[in-house]
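Here is the structure we will look at, set down as structure tokens.
Note on naming: letters A, B, ... go to the chains in the order of the sequence lines (proteins, then strands), and numbering restarts at 1 for each one.
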Number of protein chains: 2
Amino acid sequence: MDRRVTKKGDDASGKERPTLKTLAFMTGLGVTTVSRALKDAPEIGAETRRRVQLVAKQIGYRPNRAGVRLRTGKTNVISLVLNTEREIMSFVSDIIYGVSEVIADTPYHLIVTPYSRSQDPLDPIRYLVETGSADGVIISRAQPNDPRARYMLEHGIPFATHGRTEMGLAHPFHDFDNYAFAGEAVRHLARIGRRRLALVTPPVGLTYYGHTVNGFADALSEVGASEVPFNTVSIDHTIEQIRMRTAQLMRRDDRPDGIVSSAAAATLAIVAGIEDAGLKLGRDVDVVSKQSSELLHLFRRELLVVNEDFRLAGSELARAVLGWIGGTEPGSLQSLSKPSEVLPYRV
Amino acid sequence: MDRRVTKKGDDASGKERPTLKTLAFMTGLGVTTVSRALKDAPEIGAETRRRVQLVAKQIGYRPNRAGVRLRTGKTNVISLVLNTEREIMSFVSDIIYGVSEVIADTPYHLIVTPYSRSQDPLDPIRYLVETGSADGVIISRAQPNDPRARYMLEHGIPFATHGRTEMGLAHPFHDFDNYAFAGEAVRHLARIGRRRLALVTPPVGLTYYGHTVNGFADALSEVGASEVPFNTVSIDHTIEQIRMRTAQLMRRDDRPDGIVSSAAAATLAIVAGIEDAGLKLGRDVDVVSKQSSELLHLFRRELLVVNEDFRLAGSELARAVLGWIGGTEPGSLQSLSKPSEVLPYRV
DNA sequence: TTGGCAACCTGTAACGTTTCAGTATATTGA
DNA sequence: TCAATATACTGAAACGTTACAGGTTGCCAA
């Protein structure tokens, strides 16, 4: 079955989508000349160039992606690789929009490549590399020793990671300064008189787990507060688990009077746990939490929040991959975003 | 610049990605035969077919997308078109995962095509159709008279809408039964003694605005309760606006004792507004809200919720587009999902 | 024996693009 | 004046795939 409705020939009539051949016919030039004229090649006369570009614009010529891709191998695709189970909800939408903003006026398309719990996180990456499905890749949940980053470096495909790695290899990344966040959180709690602090960590194994834990520990000793260990949960646990274990913790005699939480969803559970234990937020205990949308202050006005902007992260990551694809030194495409101040309830 | 690192020739050695030519060389057959053997064409001998398929699997042959696309026009791409400003956060992530689940074991890729406030919603659709960038499209925020659906029908590109249209034209859709939701909500409120009800509607202009309003009105007269008009906001308004106007409403003498909310984010604002007015949820007023993740019960235990499953919506929409692409009658690819019961706080 | 036919396989062309290796014309240098 | 050279353009080939229009072989009926 031939997909064409009518035979086109060289006549350039009809409603078919224009190709280089159409342009060549209309301008009376060769296909090669047209192709080069459109990309401002120097060996094409200035007038010819303008003429071709004018006609191209007039008839709305758009290069055929399949043609380009087949010939050059360039896909004009950026792939965002996401974990279907563990990714934070607002992260997904914000980062997509952030990426979109940046690639909107480029020829790039964004494809979303998900993988699930059951799979090796390397699987989708291998697929992308082996099939050459993308010119660049964005991954999240970076690990200190990240096999995905290593694999992509080995195979020479440009990528950017959300979060840093610690492999001594330079690659683009964007990260939120979680060391600073945890530190600020501790200092703020200390400032309002809290001395016994607990931390609800990021998932063990991700790089920013370490950053957060270190920021927390360093600030603790700086302000002379003490830590109440709370290693039984991380923000990757379910709402129910976090809630239950927080309640357990808060019923103990040596319970904390301040908690630092690395994610908004976990914070909802933490607060529920606190209240399950019959305690009151703001009186018996204060909680500082990261959030990426303005919801926590509506939830409990007593919550102390620090904002992390995922849309910004998306934009930065997109800029970074595009930069690398465009030939910029990967080591220079790294950015770290500083946390906002700890914000108390605004009336 | 030629992208190939080494000249391949016909020798099938090296680390290049295998093509039909490679397979042809290895099996000693012609390229055409290999191509047909892989798609189980009847004019290929049974043994040859098995042999080719075996070799193909062994060396991990994967058809080149650009080749197929160029030759056949088939992109193997589904595009999800999203509004960057107005889309509900959890909607984006859940629907993406829902779609992904379905296309995971197909050759399809998912591309996300966003558009913003400033643009005509038809723009991205036109782009997709004109450039032939996708085999199928999923759109959200369906309107009774939806120019996007009309355009795609006219241009013969398969699509599915999240929400129904009312143009008398058959096309695939998935929708949540918001008429039933609003009705159930009203009946539940009546059952617990609420008589003066207000509705926070979906965005005016979307089809499900009408469904919701009608379900609300019909149930009101069924149970003999009265409506407190609250037309100054919809769930597309900002948190601040909803909060402020809810507070205003709740300070009036004729304030409602029951509110039905069409979205979780709006509900947070509504509750804040209620409390701003010095009233207490569950005592002075009850609120029934739709939600798509389990957060509202953590927020205020007194909230009454109905769950809407966006991941399911994503799966259904994907199945629908794929069905249409596969030749199924579009009119038969329609589904409506019934709301859960109104759930009070679970201990 | 021969013609016909089924079963199985093959080469060529085309999709739209870019690159390579030119060609034709005008311009320059001596 | 003639050759060398720069300028402006061109055709053919190739990327990997599929559709079309054959080609060979073997077998059977006449």
- Task: Just say parallel, tilted or perpendicular for the rings of F310(A) and F91(A), cut-offs at 30° and 60°.
- Result: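 Aromatic pair F310(A)/F91(A) classed perpendicular.
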Tell me the interatomic distance from [X], atom [atom1], to [N], atom [atom2], rounded to whole angstroms.
X      : N       : atom1 : atom2 : value
R49(B) : dC9(C)  : CZ    : C1'   : 14 Å
N64(B) : dT17(C) : CG    : C1'   : 14 Å
E43(A) : dT23(C) : CD    : P     : 17 Å
K74(B) : dA19(D) : NZ    : P     : 12 Å
L23(A) : dT17(C) : CG    : P     : 9 Å
D40(B) : dC8(C)  : CG    : P     : 14 Å
L20(B) : dT10(C) : CG    : P     : 13 Å
F25(A) : dT10(D) : CZ    : P     : 14 Å

- Message: Using a heavy-atom cut-off of 4.0 Å across all strands, would you classify G67(A) as base, sugar-phosphate, or nothing?
- Response: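 It contacts base atoms.
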Kindly say whether [Y] contributes a backbone atom to a donor-acceptor pair with the side chain of [X] at under 3.5 angstrom?
X       : Y       : result
R49(A)  : A41(A)  : yes
S332(A) : T328(A) : no
S100(B) : I96(B)  : yes

- Item | N/O donor-acceptor pair, side chain R36(B) with base dT10(C), under 3.5 angstrom |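 Per atom types, the contact qualifies.
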Is there a side-chain contact between [X] and the phosphate of [N], meaning an N or O under 4.0 Å from OP1 or OP2?
X      : N       : value
T33(A) : dT10(D) : yes
T32(B) : dT10(C) : no
T72(B) : dA19(D) : no
T48(B) : dC9(C)  : yes
K39(A) : dT18(C) : yes

- Message: What's the separation between atom CD in Q143(A) and atom OG1 in T207(A), rounded to the nearest 0.5 Å?
- Response: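 One finds 7.0 Å between CD of Q143(A) and OG1 of T207(A).
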- Message: From C-beta outward on R71(B), which listed nucleotide comes closest to its side chain: dG16(D), dT18(C), dT10(D)?
- Response: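 Given the options dG16(D), dT18(C), dT10(D), the side chain of R71(B) is closest to dG16(D).
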